[in-house]
Amino acid sequence: MRRRRAGGRTMVERASKFVLVVAGSVCFMLILYQYAGPGLSLGAPGGRAPPDDLDLFPTPDPHYEKKYYFPVRELERSLRFDMKGDDVIVFLHIQKTGGTTFGRHLVQNVRLEVPCDCRPGQKKCTCYRPNRRETWLFSRFSTGWSCGLHADWTELTNCVPGVLDRRDSAALRTPRKFYYITLLRDPVSRYLSEWRHVQRGATWKTSLHMCDGRTPTPEELPPCYEGTDWSGCTLQEFMDCPYNLANNRQVRMLADLSLVGCYNLSFIPEGKRAQLLLESAKKNLRGMAFFGLTEFQRKTQYLFERTFNLKFIRPFMQYNSTRAGGVEVDEDTIRRIEELNDLDMQLYDYAKDLFQQRYQYKRQLERREQRLRSREERLLHRAKEALPREDAEEPGRLPTEDYMSHIIEKW
């Protein structure tokens, strides 16, 4: 009888000890939540939802100063690009912005489940989805100039869906989602680079310039030269042509030209036309899934990878010695180029600020998430060290055969 009572007391004591361990664990979790919980937003995708009034630059950056205000929704660019679904990246390639190099990165340098098939001697690569023979990339090096040579925003948005429907008719069962991307460049450097390119014989005269269902008439878009090309032209001659499409090319190629009557310069007054083009280009640039800057190759790579959740195999290289960089011009000529490209200058200033803020935003989020992970790891480590060794090991202990025999003997 005494043994039964003694055994009963032993079982009660063990049960009480188990309850204390459980209660201690619950208290620990509550304390942990008090430390880690405020930094988490459990109701938001990815465990975080930064408020619109988040101060993105709590510590002043000596290399950068904000000029424009952009809400968080304009800075957040983490897209759910579905390569196995019906999503398509569309690359808007503006002349002399480094688009050829970037285009090659897209077909040769992205780490893919099914890499693009680029064969020697062929100008185009085959970029199929991992699960079917349909393209996920619309660009010069994957689909060619299917919408015309260096097609602009107005041409691409009206042309791309139809071209892909004809190429991949089986995809008509579900609507595609198009993610437009582009590169911009400092307007003076880009302008000088285009002049040198034209000087060597480039014309781009096969460009369609489609707008509102038609190409511009010779009166709307007169040529700057007679003959087959403009090779050998001086910089002064290049700047003197009032119809030169090199002037404000980046704004024109990013704006919705339908808003200003396409290439009909008499449709609305010149001042209003310029303002409409600039505002349209800014709006379309903000709405694009991604844009990079030629002068910031590593940051461009960083933002592209985090926007589309794709990784490049090799890092981007920053080439500062370009053909434009080798052109020596005086201050008066530079000012003249800036005047001819005033809209591009304003757009680039705006784009550079948006680009830098997006980069800083991504970096700050990554640093904050890393701090949270490190703090949680430290708390867990301290909690393990704080628990008594016997209590920490007891829940996982399995009774041995000898121990069970001892208990049976007592009963």
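These numbers come from the heavy atoms of this one structure, side chains and all, not from hydrogens, waters or symmetry mates.
Among Asn247, Asp186, Asn248, the single residue meeting the side chain to side chain donor-acceptor pair (under 3.5 Å) criterion with Tyr191 is Asn247. Under the side chain to side chain donor-acceptor pair (under 3.5 Å) test applied with Lys299, the options Gln318, Gln356, Gln360 reduce to a single match, Gln356.
Side-chain atoms of Trp195 come within 3.5 Å of backbone atoms of Cys233 as a donor-acceptor pair (strictly under, hydrogens ignored). With hydrogens and angles disregarded, a donor-acceptor distance shorter than 3.5 Å links the side chain of Arg77 to the backbone of Met288. A donor-acceptor pair under 3.5 Å links the side-chain atoms of Thr154 to the main chain of Leu257, judged by distance alone. Between the side chain of Asn109 and the backbone N or O of Arg314, at least one donor-acceptor pair lies under 3.5 Å. Using modelled atom types, no side-chain atom of Asp87 and backbone atom of Phe81 make a donor-acceptor pair closer than 3.5 Å. A donor-acceptor contact shorter than 3.5 Å is absent between the side chain of Arg176 and the backbone of Gly85. At least one donor-acceptor pair under 3.5 Å links the side chain of Thr300 to the backbone N or O of Phe296. Looking at Ser142, its side chain does come within 3.5 Å of a backbone N or O of Leu137 through a donor-acceptor pair. Judged by distance alone, the side chain of Ser231 and the main-chain N or O of Arg200 form no donor-acceptor pair under 3.5 Å. Checking side-chain atoms of Ser280 against main-chain N and O of Leu276 turns up no donor-acceptor pair under 3.5 Å.
Side chains of Asp212 and Ser258: a donor-acceptor N/O pair is present below 3.5 angstrom, by distance only. A donor-acceptor contact under 3.5 angstrom links the side chains of Tyr359 and Arg363, judged on distance only.
The aromatic rings of His150 and Trp145 lie tilted to each other, with the angle between the two planes from 30° to 60°. Taking the six-membered ring for Trp and thresholds of 30 and 60 degrees, Phe316 and His105 have nearly parallel ring planes, at less than 30 degrees apart. A perpendicular orientation is assigned to the rings of Phe70 and Tyr350, their planes being inclined by more than 60° (bins at 30° and 60°). In this pair, Phe291 and Phe355 present their aromatic rings tilted. The plane angle is within the 30 to 60° band.
Closest of all the heavy-atom pairs between Arg273 and Ile268 is CA-CD1, 3.4 Å. Of all the heavy atoms in Tyr180 and Thr157, the pair that sits closest is OH-CA, 3.4 Å. Leu112 approaches Trp136 most closely through the heavy-atom pair CD1-CZ2, 3.6 Å. Of all non-hydrogen atoms in Arg196 and Val327, the two that sit nearest each other are NH1-CG2, 3.3 Å. Taking all atoms of both residues into account, the shortest heavy-atom contact from Leu310 to Met83 is CD2-CE, 4.2 Å.
The shortest side-chain heavy-atom distance between Lys96 and Leu192 does not fall under the 4.5 Å cut-off. A heavy-atom distance below 4.5 Å is found between the side chains of Lys282 and Leu347. Side-chain contact check for Met253 versus Thr182: every heavy-atom pair is 4.5 Å or farther apart. Looking only at side-chain heavy atoms (C-beta outward), Asp349 and Lys352 stay at 4.5 Å or farther from each other. The closest side-chain heavy-atom distance from Leu235 to Val329 is below 4.5 Å. Side-chain contact between Gln301 and Glu305 is present, with heavy atoms from C-beta onward closer than 4.5 Å. Looking at Asp342 and Gln346, their side chains come closer than 4.5 Å, going by heavy atoms from C-beta outward.
The NZ atom of Lys66 sits 12.5 Å away from atom CG of Leu354, with the distance rounded to the nearest 0.5 Å. Within the model, atoms CG of Leu343 and CG of Leu277 stand 7.0 Å from one another, a figure rounded to the nearest 0.5 Å. Here the CZ atom belonging to Arg185 is positioned 12.0 Å from the CD1 atom belonging to Ile94, to the nearest 0.5 angstrom. Residue Leu221 holds its CG atom at 9.5 Å from OG1 of Thr215, rounded to the nearest 0.5 Å. A distance of 12.5 Å separates CZ of Arg140 from CG of Leu106, quoted to the nearest 0.5 Å. Rounding to the nearest 0.5 Å places CG of Leu79 at 5.5 Å from CZ of Phe308.
A salt bridge is absent between Arg382 and Glu385: the closest approach of a Lys/Arg side-chain nitrogen to an acidic carboxylate oxygen does not fall below 4.0 angstrom. The existence of a salt bridge linking Lys362 and Glu76 is confirmed by a sub-4.0 Å separation between a basic side-chain nitrogen and an acidic carboxylate oxygen. Ion pair Asp344/Arg252 not flagged as a salt bridge, since none of the NZ, NE, NH1 or NH2 atoms sits closer than 4.0 Å to an Asp/Glu carboxylate oxygen. Ion pair Glu220/Arg214 flagged as a salt bridge, since at least one NZ, NE, NH1 or NH2 atom sits closer than 4.0 Å to an Asp/Glu carboxylate oxygen. Ion pairing of Arg80 with Asp82 is absent here, as no side-chain N (NZ or NE/NH1/NH2) approaches a carboxylate O to less than 4.0 Å. Residues Arg306 and Glu366 are paired through a salt bridge, judged by an N-O separation under 4.0 Å between the basic side chain and the carboxylate. Taking a cutoff of 4.0 Å between a charged side-chain nitrogen and a carboxylate oxygen, Arg190 and Glu194 qualify as a salt bridge.
Residue pairs that meet the disulfide (SG to SG under 2.5 Å) test with at least one member in residues 257-292, sequence neighbours left out, are Cys211-Cys262. Annotation: disulfide (SG to SG under 2.5 Å) contacts involving residues 280-312, sequence neighbours excluded, are absent.
Remark: Tyr128 engages Thr126, Arg133 in a side-chain contact (heavy atoms from CB on, under 4.5 Å) (not counting sequence neighbours). Residues passing the disulfide (SG to SG under 2.5 Å) test with Cys224, sequence neighbours excluded: Cys241. Shown here are the side-chain contact (heavy atoms from CB on, under 4.5 Å) partners of Met345, two or more places apart in sequence or in another chain: Pro187, Val188, Glu338. The ring-ring contact (aromatic ring centres under 6.0 Å, His included) test applied to Phe141 returns no partner, not counting sequence neighbours.
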For the pair Phe102 and Thr294, evaluate side chain to side chain contact (heavy atoms under 4.5 Å, CB included) and give the outcome as yes or no after the intermediate values. CA-CA 9 Å; Phe102 186 77; Thr294 309; over 6 Å; no

Apply side chain to side chain donor-acceptor pair (under 3.5 Å) to Glu74 and Tyr68, showing your working. CA-CA 12 Å; Glu74 299 290 357; Tyr68 301 90; over 6 Å; no

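SG atoms of Cys125 and Cys116 are separated by 2.5 angstrom or more, inconsistent with a disulfide link.
Sparse packing is recorded around NZ of Lys283, with 12 or fewer heavy atoms of other residues, nucleotides or ligands lying under 6.0 Å away. Lys272 NZ: 12 or fewer foreign heavy atoms inside a 6.0 Å radius. For Arg119, the CZ atom sits in a loose shell: 12 or fewer heavy atoms of surrounding residues, nucleotides or ligands are nearer than 6.0 Å.
Aromatic pair Phe138/Phe178: centroids not less than 6.0 angstrom apart.
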